[in-house]
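Step one of this worksheet: look at the structure below.
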Amino acid sequence: MSSGNLQPIQGMSDLSAPEIRLWQEIEGKARRILSLYGYEEIRTPVLEYTSVFTRSIGDATDIVQKEMYTFEDRGGRQISLRPEGTASVMRYAAGLGPEAEGLRLYYIGPMFRCERPQAGRKRQFHQLGSEMIGQASPAADVETLALQMHLLSSWGLEGCSVEINTRGLPEDRQAVAEGLAAALQPHREALCEDCRRRFDANILRILDCKKDACKKIADGLPPVTDFMSEASRQYLDEVKRLLDLLNIPVRLNPRLVRGLDYYVHTVWEITHGALGAQNAIAGGGRYRMEMDGRTIDGVGFAMGLERVVSALQAALQGQAPVAGERPVWLVSMGQKAFEENMVLAQTLRLRGLSCGFNLTPGSMKSQMRAANRAQAAQAIIRGDREIESGAFLLKNMADGVQQELDMPALLNTLLDSRIDPAHTPAKAETTNPAGSP
RNA sequence: GUGGGUGUAGCUCAGUUUGGCAGAGCACCAGGUUGUGGCCCUGGUCGUCGCGGGUUCAAAUCCCGUCAUCCACCCCA
């Protein structure tokens, strides 16, 4: 691979066959399931005023401070490529006013964060997310989680684990920070360098430090709920009770921290073991944000589609990838047959049959090779003899058997063969697809 | 932003230690079969060795710089 400038911008990539078929399948299933839960798609602009993100996600967060693509447009306005989807949907909802209450919206599309790329992290990546506006009730949080589990199982993605925690209400934050500070004060010198910095900058983050020394200290701390109000604790209890009712297996992780400022109450994260360091395929939670003087509540999730795809690919290891459609290949000997075949191709396609042919025919051998490469199910061979007699030589590419047919018989045979097409096993359409290795 | 690995044919990679003709497998094209693919055999096409500079009679190989990519940290989906 030479360098040159034929490659896309760093951290961005072209998605094409064959993986794109898996993407399409994932998206198609997702759209169906989201509609079962009453969600409608929303497509917001990829560019927003920078303030849409800074005010909701939080000025101090890493996303805003060092990861956004921000620039001035020709009119001197500060605009940014969206780093996530929730803020835009909230902007939309705030604009609707009271009408927005109860809205259920989902989005699928590219997001942009200017980070150093690594496994499971791109600068342009894709998220599928849902937002339910208002409905500040534990039942909404639990229904959202149920929807998400439904999506995962529809894709056949097994081996996910779900962790939940609570951020409490905004009013609890100061108490939580103070409580943690008091509890951590005696161990302050034993913390790692990063955590000593976090002590003042973002004390919650100490809870999920990966260093052994910090983990041990964090293990000894009281759960964050101890510092929260009674209302926050009751909310969490109700969420747990309802999750249990729906039989959704989650692990309560009192040290789970989520970085965005807008979260309140329930937060969660879904990870998958096959992913390496960036193992979170999805995150979600309840949020509350101020938009132009209005307070917007909601609950939603976001799933990283690249990560879902990698996890699925790991799970499907060794199994056939999603197959493309197998065409009929039209083989022509001579100019007359070639022209007749161009007409035939249109006839077949208008009847819903996938077909192809060499645009510059060449020898029969090369045309048959092309048929093979295109994974053709059958070939139709025509030369002067067939044109004269009006016959079609139909060859089954799998067993090599040929038969001579007239037009009606040809169409019948081809249409029949579409009814049980050679679908590969991996493309199972059951609700419980293969996935357990 | 920080640290490490890797850049050689369309793809996967040898060759770099110890400087000496640019390689293999797969893919592609053609022939073996004048109208029959896959398997097999034979032949063929495809290279600014990431880029720029330096050392040398001679550089893919050594030195300096640079870019890209992968992995990890930070953080997130």
Side-chain angles (χ1 to χ4, degrees), chain A residues 1-13 57-58 60-68 82-86 108-129 148 192-195 197-198 201-202 205 208-211 257-260 268-272 275-285 300-311 329 331-334 337 358 361-386 393-402:
Chain A
M1 190 194 313
S2 59
S3 68
N5 47 3
L6 296 182
Q7 38 186 307
I9 291 173
Q10 180 175 42
M12 311 201 173
S13 46
I57 297 169
T61 58
D62 279 8
I63 291 183
V64 166
Q65 281 203 330
K66 46 184 227 195
E67 295 170 6
M68 279 209 295
R82 61 182 185 192
E84 57 106 57
T86 302
I108 300 181
M111 306 294 164
F112 303 84
R113 292 183 200 173
C114 195
E115 305 175 83
R116 214 42 191 276
Q118 89 190 62
R121 170 187 293 162
K122 292 276 185 190
R123 288 183 170 182
Q124 174 173 336
F125 60 103
H126 298 79
Q127 286 188 339
L128 161 62
Q148 211 170 357
C192 73
E193 197 185 326
D194 282 334
C195 284
R197 185 177 47 78
R198 287 172 180 137
N202 191 352
R205 278 272 159 229
D208 66 350
C209 181
K210 285 162 196 121
K211 303 245 169 42
V257 176
R258 300 203 39 87
L260 285 55
W268 64 85
E269 191 166 291
I270 302 180
T271 57
H272 193 274
L275 287 184
Q278 308 304 324
N279 63 353
I281 61 172
F301 66 76
M303 311 182 91
L305 291 179
E306 278 81 0
R307 294 181 186 178
V308 169
V309 167
S310 327
W329 205 255
V331 173
S332 320
M333 293 308 293
N358 294 60
S363 69
M364 172 169 294
K365 183 176 186 141
S366 66
Q367 292 181 68
M368 290 302 292
R369 262 209 279 264
N372 215 47
R373 199 176 321 126
Q375 307 208 43
Q378 298 101 347
I380 294 170
I381 299 164
R382 299 169 87 191
D384 292 342
R385 291 204 293 270
E386 288 77 16
L393 200 53
L394 179 67
K395 173 166 182 159
N396 183 316
M397 295 297 285
D399 57 19
V401 173
Q402 298 187 166

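Protein chains get the first letters and strands the later ones, always in sequence-line order, with residue 1 at the start of each.
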Legend entry - Glu84(A) vs Ile57(A), side-chain contact (heavy atoms from CB on, under 4.5 Å): CA-CA, chis, key distance, verdict: CA-CA 9 Å; Glu84(A) 57 106 57; Ile57(A) 297 169; 3.6 Å; yes
Inset, instruction - Dump the intermediate steps for side-chain contact (heavy atoms from CB on, under 4.5 Å) on Ile381(A) and Gln402(A), then the final yes or no. - result: CA-CA 10 Å; Ile381(A) 299 164; Gln402(A) 298 187 166; 4.0 Å; yes
Legend entry - Stepwise side-chain contact (heavy atoms from CB on, under 4.5 Å) test for Val331(A) and Leu393(A): CA-CA 10 Å; Val331(A) 173; Leu393(A) 200 53; over 6 Å; no
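Using a 4.0 Å heavy-atom cutoff across all strands shown, Ala302(A) reaches sugar-phosphate atoms only and no base atom. Heavy atoms of Gly85(A) sit nowhere under 4.0 angstrom from any nucleic acid atom. Across all strands, Glu386(A) comes closer than 4.0 Å to base atoms (heavy-atom distances). If you check every strand for non-hydrogen atoms under 4.0 Å, Glu84(A) touches nothing.
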Would you tabulate the nitrogen or oxygen pairs shorter than 3.5 Å linking the protein to nucleotides 1-5 of chain B?
{"from": "U2(B)", "atom 1": "O4", "to": "Arg116(A)", "atom 2": "NH1", "distance (Å)": "2.7"}

Are there any protein N/O atoms within less than 3.5 Å of an N/O atom in nucleotides 36-39 of chain B, and if so, which ones and at what distance?
{"from": "U36(B)", "atom 1": "O2", "to": "Lys395(A)", "atom 2": "NZ", "distance (Å)": "2.7"}
{"from": "U36(B)", "atom 1": "O2", "to": "Gln402(A)", "atom 2": "OE1", "distance (Å)": "2.9"}
{"from": "U36(B)", "atom 1": "N3", "to": "Gln402(A)", "atom 2": "OE1", "distance (Å)": "2.4"}
{"from": "U36(B)", "atom 1": "O4", "to": "Gln402(A)", "atom 2": "NE2", "distance (Å)": "3.2"}
{"from": "G37(B)", "atom 1": "O2'", "to": "Asn372(A)", "atom 2": "ND2", "distance (Å)": "3.4"}
{"from": "G37(B)", "atom 1": "N7", "to": "Lys395(A)", "atom 2": "NZ", "distance (Å)": "3.2"}
{"from": "G37(B)", "atom 1": "N1", "to": "Met397(A)", "atom 2": "O", "distance (Å)": "2.4"}
{"from": "G37(B)", "atom 1": "N2", "to": "Asn372(A)", "atom 2": "OD1", "distance (Å)": "3.0"}
{"from": "G37(B)", "atom 1": "N2", "to": "Met397(A)", "atom 2": "O", "distance (Å)": "2.7"}
{"from": "G37(B)", "atom 1": "N3", "to": "Asn372(A)", "atom 2": "OD1", "distance (Å)": "3.1"}
{"from": "G38(B)", "atom 1": "O4'", "to": "Asn372(A)", "atom 2": "ND2", "distance (Å)": "2.9"}
{"from": "G38(B)", "atom 1": "N2", "to": "Ala398(A)", "atom 2": "O", "distance (Å)": "3.1"}

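Contact annotation: side chain of Gln278(A) to base of C75(B), donor-acceptor pair present below 3.5 Å.
Base pairing analysis places A58(B) opposite nothing; no Watson-Crick or G-U wobble pair with both distances below 3.5 Å involves it. Both distances falling under 3.5 Å, in either a Watson-Crick or a G-U wobble arrangement, occur for no nucleotide opposite U48(B). The partner of U33(B), taking Watson-Crick or G-U wobble pairs whose two distances both stay under 3.5 Å, does not exist in any strand shown. Across all strands shown, C11(B) is found opposite G25(B) as a Watson-Crick or G-U wobble partner, with both distances under 3.5 Å. The partner of U6(B) is A68(B), judged by Watson-Crick or G-U wobble contacts that both fall below 3.5 Å. With a cut-off of 3.5 Å on both Watson-Crick or G-U wobble distances, the partner of C75(B) is given as none.
With C1' as the reference atom, U17(B) and U12(B) are 24 Å apart, rounded to whole Å. Spacing of C1' atoms, G47(B) relative to G4(B), comes out at 29 Å, to the nearest Å. For C71(B) and C64(B), the P atoms lie 27 Å apart once the distance is rounded to whole Å. Here the separation of G54(B) from U8(B), taken at their P atoms, is 24 Å to the nearest Å. Distance noted for atom P between C39(B) and A22(B): 33 Å (whole Å). Nucleotides G23(B) and U6(B) are separated by 24 Å at their P atoms, to the nearest Å. Atom P of C28(B) sits at a distance of 15 Å from the matching atom of G10(B), rounded to the whole Å. Nucleotides U45(B) and C51(B) are separated by 27 Å at their C1' atoms, to the nearest Å.
Atom OG in Ser366(A) sits 9.0 Å away from atom CZ in Arg373(A) (nearest 0.5 Å). Here CE of Met333(A) is found 7.0 Å from CD of Gln367(A). Values are rounded to the nearest 0.5 Å. With values rounded to the nearest 0.5 angstrom, Arg382(A) atom CZ is found 8.0 Å from Ser332(A) atom OG. Note that CG of Asp208(A) and CZ of Arg258(A) are 10.5 Å apart. Values are rounded to the nearest 0.5 Å. One distance of note links CD of Gln118(A) with CD of Gln278(A); it measures 4.0 Å at 0.5 Å rounding.
With respect to Glu306(A), the side chain to side chain donor-acceptor pair (under 3.5 Å) criterion is satisfied by exactly one of His126(A), Gln127(A), Lys122(A): His126(A).
As a whole-Å value, the separation of Asp208(A) CG from C73(B) P is 13 Å. With rounding to whole Å, Gln148(A) atom CD is found 10 Å from A77(B) atom C1'. The separation between Glu306(A) atom CD and A77(B) atom P is 14 Å, rounded to whole Å. Rounding to whole angstrom units, CD of residue Gln7(A) and P of C51(B) are separated by 13 Å. Atom pair Arg198(A):CZ and C73(B):C1' shows a separation of 10 Å (rounding to whole Å applied). Distance Gln10(A) CD to U66(B) P: 15 Å, rounded to the nearest Å. Remark: P of C28(B) and CG of Asn358(A) are 13 Å apart, rounded to the nearest angstrom. The separation between Asn279(A) atom CG and C71(B) atom P is 14 Å, rounded to whole Å.
Residue Ala280(A) places its side chain closer to A77(B) than to any other of A77(B), G35(B), C74(B). Here A77(B) is the nucleotide among A77(B), C71(B), U69(B) with the atom lying nearest to any side-chain atom of Leu260(A). Nearest to the side chain of Ala119(A), among C70(B), G31(B), A72(B), sits A72(B).
With 3.5 Å as the limit, one finds no donor-acceptor pair spanning the side chains of Asn372(A) and Trp329(A).
Both Asp384(A) and Met12(A) lie close to RNA chain B; mapped to their nearest nucleotides by heavy-atom distance, the more 5′-ward contact belongs to Asp384(A).
Side-chain nitrogen and oxygen atoms of Arg258(A) include at least one within less than 4.0 Å of the OP1 or OP2 phosphate oxygen of A77(B). Here Lys122(A) reaches the OP1 or OP2 of C70(B): one of its side-chain N or O atoms lies under 4.0 Å away. Close to A77(B), at under 4.0 Å from its OP1 or OP2, lies no side-chain N or O of Gln127(A).
Residue Ser13(A) comes nearest to Pro8(A) through the heavy atom pair CA-CG, 4.1 Å, listed as atom of the first residue, atom of the second, then distance.
Side chain of Arg307(A) to main chain of Gly120(A): a donor-acceptor pair is present (N/O by atom type, distance under 3.5 Å, no hydrogens or angles).
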